[in-house]
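Notes for the one structure printed next.
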Number of protein chains: 2
Amino acid sequence: MTRSEENYIKTIFHLGGNSTSPISTNAIAEQMETKPSSVTDMAKKLADKGLVHYKKYQGILLTESGIRLALSIIRKHRLWEVFLVEKLDFTWDEVHEVAEQLEHIKSEKLIDQIDALLGYPKYDPHGDSIPSKDGEFFERDKQLLSDMPKAGVGVCVGVKDTSPTFLKFLDKNQIALGITIEVLEIEEFDQSLTIQIHDKSLNISHQIAANLYVKKQS
Amino acid sequence: MTRSEENYIKTIFHLGGNSTSPISTNAIAEQMETKPSSVTDMAKKLADKGLVHYKKYQGILLTESGIRLALSIIRKHRLWEVFLVEKLDFTWDEVHEVAEQLEHIKSEKLIDQIDALLGYPKYDPHGDSIPSKDGEFFERDKQLLSDMPKAGVGVCVGVKDTSPTFLKFLDKNQIALGITIEVLEIEEFDQSLTIQIHDKSLNISHQIAANLYVKKQS
DNA sequence: ACAAATATTTAGTTTTGTCTAAATTTAATT
DNA sequence: AATTAAATTTAGACAAAACTAAATATTTGT
């Protein structure tokens, strides 16, 4: 398994290639910042290895073993992210780039021991679920803050966008996993929200709210 | 800096390419299990980048910046080895293969934080010195066990051969860094040694003794 | 010093992963 | 349903890093 193959498998998974509707060559190319023709080439190779289903012009879908592989890579990526934050004082906007490299290290013992060292965490620093060693993972019950009604109260449990710019914005406004958010007002004009956090009120754009996951308080 | 380039630089350093006598194409090829013609190709590329001095048929020598690069790779390799042993319960025969991969991860913060987490260790699990961040490193005062005289007493401070087979042999015989070794007898016939460790006597071949470093007791 | 042996380089090929440009298929629109 | 637009694939090329085989330099032995 080369690094490039692993990156394709991971990307296809993230684009929904584990479901039933195939992913287009174009979508993969765009996500990976490469050209559709390169994707076609790789699709053939991955199909030969039994990792994807591929029929010309019909898009790409992961096979069973493709999904297993994707989950193992995602598991490594997210465990490394936890490690970087918990043990090495990385901030959540710094981890992705390094985890992109670390996820390709080949050693089963290594990742199992990292898992143990961290106490078998279930979620990464962005709130995403970490697949177990045998490929199971459970998405947490969550909803976008932008889908909450006025006066709704929830706990921040994850982010959708994980770009450094967004994460730094959150830091600056003291929005972190675990904090309680109450929706005070939803502006009809631009869908921006006024929320209450840490006993202060703050106005955030719809786009911000559409990238924050919360768990509704029962 | 590609992975392959880094591996060449590291190998040249280990073959003594930081001194004044150039390393031959053949020696590098043998060490890296590749062909001399491949080494020639890479020598040109590294020379273009200013990392080695290279004149046709005259062998290869690291430049100042080549040495700096080599030391930074070796620093990473050895710090990762310490991490694997200290934090993840790897044995000293398991670390090399994984550290070979980890040493190529590109993140200054990562390796600095690993260094801090480990408490700025000076030696790796095989007793080799870890270069500091600015490229300084001091070889410990040590000698081969095979060079010790009869009745000499020393503390094991390192190994020369770091192959899994050798290290497993040492484990099996409870030879580890820090233990005290006394030379009881040197056989004239085959230069094998009878040594005293842990209050037991043990006979080891000359080849074993020639791969164990000790620090003589004053 | 000169021939034989050894070491090194050159030239041309291969593989992997990418690209461009052209050709082809599928989807969309009128 | 035909034509245009968009997506996808093919064909051919390239760069990196390796290889083989042949050519050339250097070293060694007498």
Side-chain angles (χ1 to χ4, degrees), chain A residues 1-17 20-62 66 69-70 73 100-101 103-106, chain B residues 1-17 20-62 66 69-70 73 100-101 103-106:
Chain A
M1 210 43 19
T2 70
R3 178 163 305 215
S4 183
E5 287 169 344
E6 290 187 350
N7 283 333
Y8 272 96
I9 292 293
K10 193 179 52 152
T11 300
I12 295 165
F13 184 92
H14 280 133
L15 290 172
T20 41
S21 58
I23 311 302
S24 77
T25 314
N26 249 5
I28 297 167
E30 191 178 354
Q31 181 73 24
M32 298 190 69
E33 299 186 321
T34 181
K35 303 292 163 177
S37 54
S38 306
V39 177
T40 301
D41 290 344
M42 185 57 82
K44 290 175 186 166
K45 196 199 296 191
L46 295 176
D48 285 347
K49 295 198 174 188
L51 295 166
V52 302
H53 297 293
Y54 171 62
K55 282 217 194 73
K56 285 210 274 188
Y57 299 101
Q58 302 310 128
I60 299 167
L61 213 60
L62 293 175
L69 177 57
I73 300 165
E100 285 282 299
Q101 300 179 62
E103 73 189 6
H104 299 292
I105 301 289
K106 274 152 191 64
Chain B
M1 213 36 26
T2 71
R3 179 163 305 214
S4 183
E5 287 169 345
E6 291 188 350
N7 283 333
Y8 272 96
I9 292 294
K10 192 179 53 153
T11 300
I12 295 165
F13 183 92
H14 280 134
L15 290 172
T20 39
S21 58
I23 311 302
S24 78
T25 314
N26 250 5
I28 296 167
E30 191 177 355
Q31 181 73 23
M32 299 191 68
E33 298 185 321
T34 182
K35 304 291 165 179
S37 53
S38 306
V39 177
T40 301
D41 289 345
M42 185 57 82
K44 289 174 185 167
K45 197 199 295 190
L46 295 176
D48 285 347
K49 295 197 174 190
L51 295 166
V52 303
H53 296 293
Y54 171 62
K55 282 219 195 73
K56 285 210 273 189
Y57 299 101
Q58 303 309 129
I60 299 167
L61 213 60
L62 294 175
L69 178 57
I73 300 166
E100 285 282 300
Q101 300 180 62
E103 73 189 8
H104 299 293
I105 302 289
K106 274 152 192 63

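Everything quoted here is computed from the prediction, not taken from an experiment. Atoms considered below: every heavy atom in the structure, side chains included; atoms not considered: hydrogens, waters and symmetry mates. Letters go in sequence order (proteins before strands), and every chain restarts at 1.
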Given side chains that start at C-beta, do those of [X] and [Y] come closer than 4.5 Å, heavy atoms only?
| X | Y | result |
| --- | --- | --- |
| A:Gln101 | B:His104 | no |
| B:Tyr8 | B:Ile28 | yes |
| A:Ile12 | A:Val52 | yes |

Rounded distance (Å) that lies between atom [atom2] of [N] and atom [atom1] of [X]:
| X | N | atom1 | atom2 | answer |
| --- | --- | --- | --- | --- |
| B:Glu5 | D:dA16 | CD | P | 9 Å |
| B:Gln58 | C:dT8 | CD | P | 10 Å |
| B:Asp41 | D:dA15 | CG | P | 15 Å |
| A:Ile60 | D:dT8 | CD1 | P | 9 Å |
| B:Met42 | D:dA16 | CE | P | 10 Å |
| A:Asp48 | C:dT15 | CG | P | 15 Å |

Please confirm whether the shortest side-chain N or O distance from [X] to OP1 or OP2 of [N] is below 4.0 Å.
| X | N | value |
| --- | --- | --- |
| A:Ser4 | C:dT18 | yes |
| A:Thr40 | D:dT9 | yes |
| A:Lys44 | D:dT10 | yes |
| B:Tyr8 | D:dA18 | yes |

With a 4.0 Å heavy-atom cut-off, tell me which residues in residues 22-36 of chain B come close to DNA chain D, sorted by residue number.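 Per residue number, the list reads B:Thr34, B:Lys35.
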
A:Ser38 side chain to A:Thr34 backbone, donor-acceptor under 3.5 Å: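 Side chain of A:Ser38 to backbone of A:Thr34: no pair is present.
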
Want to settle it: does A:Ser37 or A:Tyr57 sit nearer the 5' end of DNA chain C, counting the closest nucleotide to each?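 So the residue in question is A:Ser37.
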
Might you work through the salt bridge (charged side-chain N to carboxylate O under 4.0 Å, His left out) test for B:Glu100 and B:Lys10, ending with a clear yes or no? CA-CA 11 Å; B:Glu100 285 282 300; B:Lys10 192 179 53 153; 2.8 Å; yes

Please indicate whether A:Glu30 has more than 12 foreign heavy atoms, meaning atoms of other residues, nucleotides or ligands, lying under 6.0 Å from its CD.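 No, not enclosed.
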
Neighbour count >12 (heavy atoms, 6.0 Å) for atom NZ, B:Lys106: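 Atom NZ in B:Lys106 is packed in, count exceeds 12.
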
